[in-house]
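By convention here, the first residue in the shown sequence is residue 1.
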Amino acid sequence: MIPSGSLVEYIDNGVFYCALVLSGLERKLRLLGHSGRETLLPEARVLSTSKERFATENRSAAQSLLKERAEKRSALASSIDLAELWEVVRVGAGVFAPDFLTELLFGDNPGDDECAAFLRAVFADPLYFKYRNGQIAVNSAEQVEQLRHQREQEALRAKQLEEAVFWLGQIMQGETVNAEKWPDYERCMALLQEYALESAEAQAAEQARAMLKKAGLGAPGSARQVLVAAGIWDEDENLAFLRSDYPKNFGAGSLETVASCAEADLDELLADPKRIDFRGFPVFTIDAEGTRDFDDALHVLRLANGHFQVGIHITDVCRFVPVDSPLFAEAQERATSMYFPEGQTPMLPERLSHDRCSLVQGQVRPAFSVLVMLDTEGRVVRKRLAPSLVCVQRQMSYQEADALLADDPDLQLLARLSRRLRQIRLERGALLLPMPDLIFDITDRDAIKVRLEPADTPARVLVSEMMILANALTADYCTVREIPGLFRSQPPPRRRLLTGSGDTLIDIARQRQFLSRGELTAHPKPHSGLGLNSYTTVTSPIRRFLDLMMQHQLAHVLDGKGALFSSDECKTFAGILHQNLARAAAIGQQRRRYWTLRYLEPLEGERVKATVISSSAKRVNLLLCDCLFDVDLPPNPAFPVEPGDTVLITLARVRPQENAFRAEW
């Protein structure tokens, strides 16, 4: 037990305190501090005890004593050169009593103040010595060097933090900041990007949070705001895409493959006896407005026997994307091109997708053609798959083709045949569930607009039916010859509500809730939704890896070399493709949701019309028909609804940047 009247020192929150012991009880000391207040302190927390005893009756004198001794000890501690002492004792680095080391510093018989001052110096600068259970441990040279390095790094981080706070403030005030002005600019912006995308999971989260907090930017979303202000991100940056592991850029190997691609040699192509020359045929394309990657084209001829020849021509992409090339591997990883309101992310570099492989008007291109002879009822009389050569004579948008239908015999004939082909599929059980395309106009980011484009205009039906025909015939070709491949299928719907075409948007939306999930397999299976026994896709090799892979397989077979890919290899493709397509679909869905919320954002707090799609005891599913946005609400007992009802709901919260949406009755 420490005797009464002893002057002791202890640390509280990193600060040294002098106090006089008034009394002791059960390992606790009742102390008098320099402020005149009494405190209880566990005896184990005492760092030093004076040999001298002091009177405690006169509180005023005791306070003056404590203040005087504290100031003296602080001054003594600041005068101590621990580095010099360490040089003396470091060779035999070990553990020493504080009194021994104090004697080395101050000479024989040091006083209480000197002993306490030495401990203060050790606690103030633990570079050379450590206090452990009443003893002083001498740090080794390696430890000292490590601690020095750590301090240098901490000092550097502190300096970087101060600089970051300043420059972040400048950025938020609208100043243009770059690496020339702020050498740490690139690193700090990378930290903020990682933090904005991964939040608490980011390795840089702690540094980013500290930087933002000290700059007064601690609110959620501040990192994104800084990146937008710095011009690194767009106000509507596609964060879903950035967060994904979808490849952001093409690798050097792929770019080298593209750089070596030259225009197909015409003489070489014509020398192939199996290749059919369609350059003189009235070949045309029909695509969406603004399309630049044209991968399919059509022609139609009236034959002398009263039948019709339809040519579905698919650009020859596999000629430019060898299976053993990095470009093929990257196409597999991407799985598909992605299209957003602000632009596209292509599966293949633009030099191929928009140039070499694209069926551009007036350019001779190698292709694969599915030639079909149809009778007047749209039944297939004869079919042939062959390599070909085409030169597109007309390039039309869907709107242009619709406008020309009344006066264009070829378009009229194809439209009539496509209607018949669709009717045949309907008779086989196909479900036609066309949802309008939601088109965003983001020209004015402060007033996003949307419009719905019908998915079943005559021109769209014409193209879709001809592509379905080509894909179905290719699947049949592979099935009959037992050629391994990738096949799309779909089990029957869990519940069938519709039987034909001409259904309302609400009917279609309801039926879609009961559709079975589509499958991708290495063997043919029926496709209930299309009314076909087998189905694959080959008509978009620029945009879809499945089509590119199947084109390679067919090219090998048509060249008389047999199957390029085995059944096991096709199964491997199917597994990889399933994952990568799911990733791309998730990105697309999230981006569509973002822009829809951006459109709805100005309507927050307002009541809008919605149509009831389905209703159960647990939820009511509604559709905002102007933007095809799904809304789920709990049932309102005071307001029962039925499918097809139009109701008013309140958009209670719309926050695109937070991906937050809440509606209320």
Side-chain angles (χ1 to χ4, degrees), residues 1-90 92-139 143 147:
M1 180 68 69
I2 298 175
S4 299
S6 299
L7 193 157
V8 297
E9 284 206 337
Y10 64 94
I11 293 179
D12 191 18
N13 289 326
V15 178
F16 269 89
Y17 290 96
C18 287
L20 285 175
V21 178
L22 299 178
S23 62
L25 179 66
E26 294 182 357
R27 298 183 182 179
K28 285 191 176 181
L29 302 175
R30 187 165 64 89
L31 303 178
L32 175 67
H34 70 274
S35 64
R37 294 179 58 187
E38 293 186 12
T39 58
L40 282 176
L41 183 79
E43 189 174 332
R45 289 185 57 190
V46 172
L47 295 176
S48 69
T49 305
S50 67
K51 298 173 184 176
E52 189 178 358
R53 303 290 178 266
F54 302 90
T56 58
E57 293 78 9
N58 188 332
R59 294 294 180 97
S60 178
Q63 287 177 241
S64 297
L65 170 71
L66 291 173
K67 183 178 180 182
E68 175 190 332
R69 288 303 182 92
E71 290 174 352
K72 180 180 179 181
R73 292 176 177 190
S74 178
L76 280 171
S78 63
S79 69
I80 294 174
D81 187 346
L82 292 179
E84 185 177 312
L85 176 62
W86 180 74
E87 290 292 347
V88 174
V89 298
R90 74 185 182 99
V95 178
F96 298 93
D99 290 349
F100 171 75
L101 295 177
T102 306
E103 285 186 0
L104 291 180
L105 278 170
F106 294 100
D108 294 339
N109 300 316
D112 294 333
D113 293 330
E114 284 77 14
C115 290
F118 171 64
L119 288 178
R120 286 187 176 222
V122 169
F123 274 92
D125 183 10
L127 179 61
Y128 301 102
F129 301 96
K130 287 182 197 168
Y131 179 86
R132 287 181 184 167
N133 301 320
Q135 299 292 306
I136 304 297
V138 181
N139 290 335
Q143 289 174 314
L147 287 170

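- Here the closest heavy-atom approach between residue Ala117 and residue Leu76 is recorded as CB-CB, 3.5 Å.
- A donor-acceptor pair is defined here as one N or O able to donate and one able to accept, closer than 3.5 Å; no such pair exists between the side chain of Arg59 and the backbone of Glu57.
- Pairs of residues two or more places apart, or lying in two chains, never qualify as side chain to side chain donor-acceptor pair (under 3.5 Å) while including a residue from residues 100-110.
- Taking both residues in full, the closest heavy atoms of Lys51 and Arg53 are given as O-NH1, 2.8 Å, listed atom of the first, atom of the second, then distance.
- Here the side chain of Ser50 pairs a donor or acceptor atom with the backbone of Glu52 at under 3.5 angstrom.
- Counting heavy atoms from C-beta on, the side chains of Met1 and Glu43 come closer than 4.5 Å.
- Scanning both residues, Leu29 and Ile2, for their nearest heavy atoms gives CD1-CD1, 3.9 Å.
- The shortest distance between side-chain heavy atoms of Ser48 and Cys115 does not fall below 4.5 Å.
- Residues satisfying the side-chain contact (heavy atoms from CB on, under 4.5 Å) criterion with Glu84, sequence neighbours excluded, are Asp81.
- The main-chain N or O of His34 is found under 3.5 Å from a side-chain atom of Gln63 such that the two form a donor-acceptor pair.
- The stretch residues 112-124 participates, sequence neighbours left out, in these salt bridge (Lys or Arg N to Asp or Glu O under 4.0 Å) pairs: Glu9-Arg120, Arg69-Asp113, Lys72-Asp113, Arg73-Asp113.
- Here the side chains of Leu31 and Tyr10 are in contact, with some heavy-atom distance below 4.5 Å.
- Thr39 contributes atom OG1, which lies 8.5 Å from atom CG of Leu32 (distance to the nearest 0.5 angstrom).
- Smallest separation of non-hydrogen atoms from Leu47 and Leu119: O-CD1, 3.5 Å.
- Sorted by first and then second residue, the pairs that involve residues 107-126 and meet ring pair (Phe, Tyr, Trp, His ring centres under 6.0 Å), not counting sequence neighbours, are Phe16-Phe123, Phe123-Tyr131.
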Check your understanding: Does the side-chain contact (heavy atoms from CB on, under 4.5 Å) test come out yes or no for Leu41 and Val46, once each step is laid out?
Key -> CA-CA 8 Å; Leu41 183 79; Val46 172; 4.2 Å; yes

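- Put simply, the side chain of Asn139 never gets that close to the backbone of Lys130: no donor and acceptor are under 3.5 Å apart.
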Tell me which donor-acceptor pairs under 3.5 Å the side chains of residues 18-27 have, and how far apart each pair is, sequence neighbours excluded?
from: Ser23; atom 1: OG; to: Arg30; atom 2: NE; distance (Å): 3.2

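- Atoms OG and CG, from Ser79 and Leu105 in turn, are 9.0 Å apart once rounded to the nearest 0.5 Å.
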**Study point:** Verdict with reasoning, Leu101 to Val89, per side-chain contact (heavy atoms from CB on, under 4.5 Å)
**Key:** CA-CA 9 Å; Leu101 295 177; Val89 298; 4.1 Å; yes

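- The shortest side-chain heavy-atom distance between Phe129 and Leu85 falls under the 4.5 Å cut-off.
- Across all their heavy atoms, Gln135 and Pro98 have their closest contact at CA-CD, 4.4 Å.
- Qualifying side chain to side chain donor-acceptor pair (under 3.5 Å) partners for Tyr128, counting only residues two or more places apart in sequence or in other chains: Arg148.
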Exercise for review: Please step through side-chain contact (heavy atoms from CB on, under 4.5 Å) for the pair Tyr17 and Leu66, ending with a clear verdict.
Suggested key: CA-CA 9 Å; Tyr17 290 96; Leu66 291 173; over 6 Å; no

